[in-house]
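Heads up, the thing below is written out as structure tokens.
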2 protein chains.
Amino acid sequence: MKIGEFARQLGVSTDTLRYYEKHGLLTPSSRSEVGYRFYSDADYKQMSFILRAKNVGFSLSEIKELLQIKFHKNQHSCHEVKAMTLQKRDLVAARIAELTRFYDSLSLLADKCCGGEEPAENCSILTTLEDIDGLTQ
Amino acid sequence: MKIGEFARQLGVSTDTLRYYEKHGLLTPSSRSEVGYRFYSDADYKQMSFILRAKNVGFSLSEIKELLQIKFHKNQHSCHEVKAMTLQKRDLVAARIAELTRFYDSLSLLADKCCGGEEPAENCSILTTLEDIDGLTQ
DNA sequence: ATAAACCTTGGAGTACACCCTAAGGTCAAG
DNA sequence: CTTGACCTTAGGGTGTACTCCAAGGTTTAT
Ligand SMILES: [Zn+2]
Ligand SMILES: [Zn+2]
Ligand SMILES: [Zn+2]
Ligand SMILES: [Zn+2]
């Protein structure tokens, strides 16, 4: 399958596929005589793996690591894979915590503001940000 | 106050202050004869505003908007300010929802894996990512 | 024969929020 | 008068995951 059809079937752009190839995530299994990329069923499976891993939150470099493990399964342990997964989960959790603080602060701010059409002279959002904060910690 | 002392008091780098100046967030109120930046009390207050806004999750360009409103309070309404705040909050909420999906998927994956020291031949994290997913919708 | 649709490469651009460097000028202390 | 700490500018680099472009070669249909 040439790159265009392959991209269409997977719902990604051809640029993305060339990008992934350049970054060692998916090298098409063959090329035509004039250099056209040809993708096989195995390539389809690998790309699906990549997309699923992306869907659960792994970054491309993490996915590359996972692929290395997948290619040399006997040289890596379950422990290693689970550790990566848990570490990623913890990172995600930390980011969620930070964003939740943002969310709470923004809610507090919004609640204080009347939201009317009058000039923002005494807008409590602005004054709260100006004054000593009743926001942080 | 010169830039170094000002930066120290606010817990930011001098590079950050020059960056903010270049991007229209905070222009020091004066310069010495040879061009040294001098920051005033008003500058301190504005920088505090910026840092507080950052702390609740606003991006620098959003903060720039907020500053524009703050400078011309009578030309803007409470409604406008509240709308910005709510819109930002919704964006944050959407991002939290996405990360929560990641978190849940990663937890599911991790739970299935034994985490032992044996080779990853049959690691359920890898097989789950390989096979038709029990993850996504 | 020619146009449309495909493919190739290399390289530049995007957003965000800085950080770092070089090359040089300024200022206070000893 | 020199040392060290400070300041200036312009410009490049970081990471992430692409996206877009130019300039050209190939394939397929009419
Ligand atoms: Zn109001
Ligand atoms: Zn208001
Ligand atoms: Zn296991
Ligand atoms: Zn496992």
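All values derive from a computational prediction rather than experimental measurement. In what follows, every chain begins at residue 1, and chains take the letters A, B, ... in the order their sequences are listed.
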Pairs where residues 40-50 of chain B contributes a residue and the test side-chain hydrogen bond (donor to acceptor under 3.5 Å, both in side chains) is met, not counting sequence neighbours: B:Ser29-B:Ser40, B:Ser29-B:Asp43, B:Ser40-B:Asp43
If each end axis of the helix from C:dA1-D:dT30 to C:dG30-D:dC1 is fitted on five C1' pair positions, the angle between them, to 10 degrees, is 30°
Short of 4.0 Å, heavy atom to strand atom, which residues of residues 36-48 of chain B count as contacting DNA chain D? B:Tyr36, B:Arg37
Under the side-chain contact (heavy atoms from CB on, under 4.5 Å) test, residues paired with A:Ser61 that sit two or more places apart: A:Ser59
Rounded to the nearest 0.5 angstrom, the CG-CZ distance for A:Leu108 and B:Arg89 is 10.5 Å
Qualifying residues under side-chain contact (heavy atoms from CB on, under 4.5 Å), relative to B:Phe102, sequence neighbours excluded: A:Val92, B:Glu98, B:Leu99
Going by the rule side-chain contact (heavy atoms from CB on, under 4.5 Å), which residues pair with A:Gln75 if we only count those two or more places apart in sequence or in a different chain? A:His72
For nucleotides 28-30 of chain D, tabulate all protein N/O to nucleotide N/O atom pairs closer than 3.5 Å, reporting atom names and distance.
none

Run the salt bridge (charged side-chain N to carboxylate O under 4.0 Å, His left out) test on A:Glu130 and B:Lys73 for me, step by step, so that the C-alpha distance in whole Å, both residues' side-chain angles and the decisive distance to 0.1 Å come before the verdict. CA-CA 13 Å; A:Glu130 281 165 23; B:Lys73 279 182 174 167; 3.2 Å; yes
Is it the case that the side chain of A:Arg101 and the backbone of B:Asn55 share a donor-acceptor pair, with hydrogens and angles ignored and the cut-off at 3.5 Å? no
C:dA17 phosphate, OP1 or OP2, under 4.0 Å from B:Lys64 side-chain N/O: no
Tell me which of A:Ser61 and B:Gly4 sits closer to the 5' end of DNA chain D, going by the nucleotide each one is nearest to. B:Gly4
Can you list, in residue-number order, the parts of residues 8-23 of chain A that come under 4.0 Å of DNA chain D, counting heavy atoms only? A:Ser13, A:Asp15, A:Thr16, A:Tyr19, A:Tyr20
Heavy atom of residues 26-33 of chain A under 4.0 Å from DNA chain C: which residues? A:Arg31
Roughly how far, to the nearest 0.5 Å, is NE2 of A:His79 from CG of A:Leu86? 9.5 Å
With a 4.0 Å cut-off on N to O distance, would you call B:Arg18 and B:Asp15 a salt bridge? yes
Euclidean distance, A:Met84 CE relative to A:His76 NE2, rounded to 0.5 Å: 10.5 Å
Quick one: A:Asn55 CG to D:dA17 P, roughly how many Å, whole number? 14 Å
Listed partners of A:Asp90 passing side-chain contact (heavy atoms from CB on, under 4.5 Å), at least two apart: none
Counting only pairs under 3.5 Å, give me each side-chain donor-acceptor contact of residues 21-28 of chain A, with atom names and distances, residues two or more places apart or in other chains.
unit_1: A:Glu21; atom_1: OE1; unit_2: A:Arg37; atom_2: NE; d: 2.5
unit_1: A:Glu21; atom_1: OE2; unit_2: A:Arg31; atom_2: NH2; d: 3.1
unit_1: A:His23; atom_1: ND1; unit_2: A:Tyr19; atom_2: O; d: 2.9

Measure from the side-chain N and O atoms of B:Lys112 to the backbone N and O of B:Ser124, and report whether any donor-acceptor pair falls under 3.5 Å. no
Name all pairs fulfilling the salt bridge (Lys or Arg N to Asp or Glu O under 4.0 Å) condition that reach into residues 114-124 of chain A, sequence neighbours left out, sorted by first residue then second. none
